[in-house]
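Here the structure comes first, spelled out in structure tokens, and everything after it is commentary.
Both counts, for ligands and for their atoms, begin at 1 and track the order of listing.
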Amino acid sequence: MDQRAFLLQHRRLTRRYFLGWGVAGAALISPLARLRAADPDKPKENKAGAQQDPYFTPTADFRDVSRGKPLPHSLPDDKKREVGLTRETWRLEVVSDPEHPAKLGSPLTKAAGTALDFEGLLKLGEKHAVRFAKVMTCLNLGCPLGMGLWEGVPLREVVWRAAPRENVRRIFYYGYHNDDAKQMFRSSLPIGRVLEDPLDLPPVILCYKMNGQWLDSERGGPVRVVVPEAYGFKSIKWLSHVVLTNLAHANDTYAEQNNDVDSPLKTFAAVLSYPITAQAGQPIPVSGYAQVGVSGLSKVQVWMQGKSETYPAGDPYFSQAPWRDAELLAAPEHWGALADGKLPPGTRGFDEQGRPRAWPMRLAKVHWAAVLPGLPAGEYVLRSRSVDDQGQGQPMPRPFRKSGHAAIEAVTIKVQD
Ligand SMILES: Nc1nc2c(c(=O)[nH]1)N[C@H]1C(S)=C(S)[C@@H](COP(=O)(O)O)O[C@H]1N2
Ligand SMILES: [Mo]
């Protein structure tokens, strides 16, 4: 779906909210103009993961940031078969790190004919498969890449098959990278996170389905890792190797690019639509979305600052500004991208009727809308911010850029007589 389509969908969904306020005039809300205004250099910026409907992002609409020359998912089918990028030829090795050996009773290797194949993975899935919703967000981008319903087998089931005994402190893993060491994209976790799920998080999984379909090649199929609470770089695509290690620290490829690789998903809010020009004295409808990180989301707030109004120094995150609460929109009734728009029974975080057990839902997105009181003519800066479950306003409690986007966004609105 292109930008125009998803913004129009967002508008359709928020229209119902605005109707209740008697400000449904379509001309008031101009999401396309907003994009031109906010980002003149990047008119094609894809807010795929932000749209309202469908709630889950169809696989083809995900934004792709994967590396590789050539991109593994672009290889011809016979090459994919040759290198194990099809369900029939996929093999996973689970081995000890030669440099920091962990003691394994039965490593899974191609040489010994013990590597795990897709059938073996599905067999484990019959008993252990889990499914959960998660927004895929790149630590280095401001906007989610897409929202998926991810399904697979907990990684620990495969780790236990290799019979680890001792000297296992961490696990690292990588996927097919054109047999070129320079192209390897690796990620890592403490072994404890794989063996146990803290704070009722879903498990780290070997994922083979998204939105009820086989995981496609572009999303990392046949099998990728998905780490529920993490940014995208932990969720390695085209998975081929899992290495158990006694190394005491993270060895993620992303760490080499100055990223904070221990940072779980942050909470933040952003604007999707607003009137590029509003009429003086008339109510101003605005709407947007929020990513709900590990710190939860208690509310979204908005604030219009007159361009000539000065703001006191020493409060870089505008914590003292006259923020107004926006309304968090209810969970969708039709969950898009899924068959019949319904959550299959047994999905983590949803009840048997397929309703979310909590809303907003952690590790997912939620939409919001607000109608701001009319203002005198002039130029204004519109900001939105999230407030997490601890009452901390965005970008706190973790404001640094290289641990993931949380900066408060600012857009300009003109109010005319
Ligand atoms: N093998 C491999 N896995 C990878 C990457 C990669 O370049 N190669 N990119 C990572 C990064 S940085 C992100 S943000 C996510 C993006 O997932 P998506 O393509 O499904 O949106 O994949 C991750 N997994
Ligand atoms: Mo990323």
Inset, instruction - Please assess K414 against E379 for the test side-chain contact (heavy atoms from CB on, under 4.5 Å), listing each intermediate value before the final yes or no. - result: CA-CA 5 Å; K414 270 199 192 115; E379 268 203 18; 3.4 Å; yes
Inset, instruction - For the residue pair Q392 and S295, confirm or rule out a side-chain donor-acceptor distance under 3.5 Å. - result: no
Inset, instruction - Look at the aromatic rings of W359 and Y55 and report parallel, tilted or perpendicular, splitting at 30° and 60°. - result: tilted
Legend entry - Exercise: do S319 and D315 side chains pair donor with acceptor under 3.5 Å: yes
Inset, instruction - Quick one: which residue pairs count as a side-chain hydrogen bond (donor to acceptor under 3.5 Å, both in side chains) with a foot in residues 183-199, not counting sequence neighbours? - result: R156-D197, R170-S188, N178-Q183, D180-Q183, S187-D252, S188-D252, R193-D197, R193-E229
Inset, instruction - Return the protein residues near ligand 1 (heavy atom under 4.0 Å from any of its atoms), ordered by chain and residue number. - result: F62, R63, D64, V65, S66, R67, M136, C138, L145, F185, R219, R224, G232, F233, S235, I236, K237, W238, Y254
Legend entry - Pair Y311 and W303, ring centroids less than 6.0 Å apart: yes
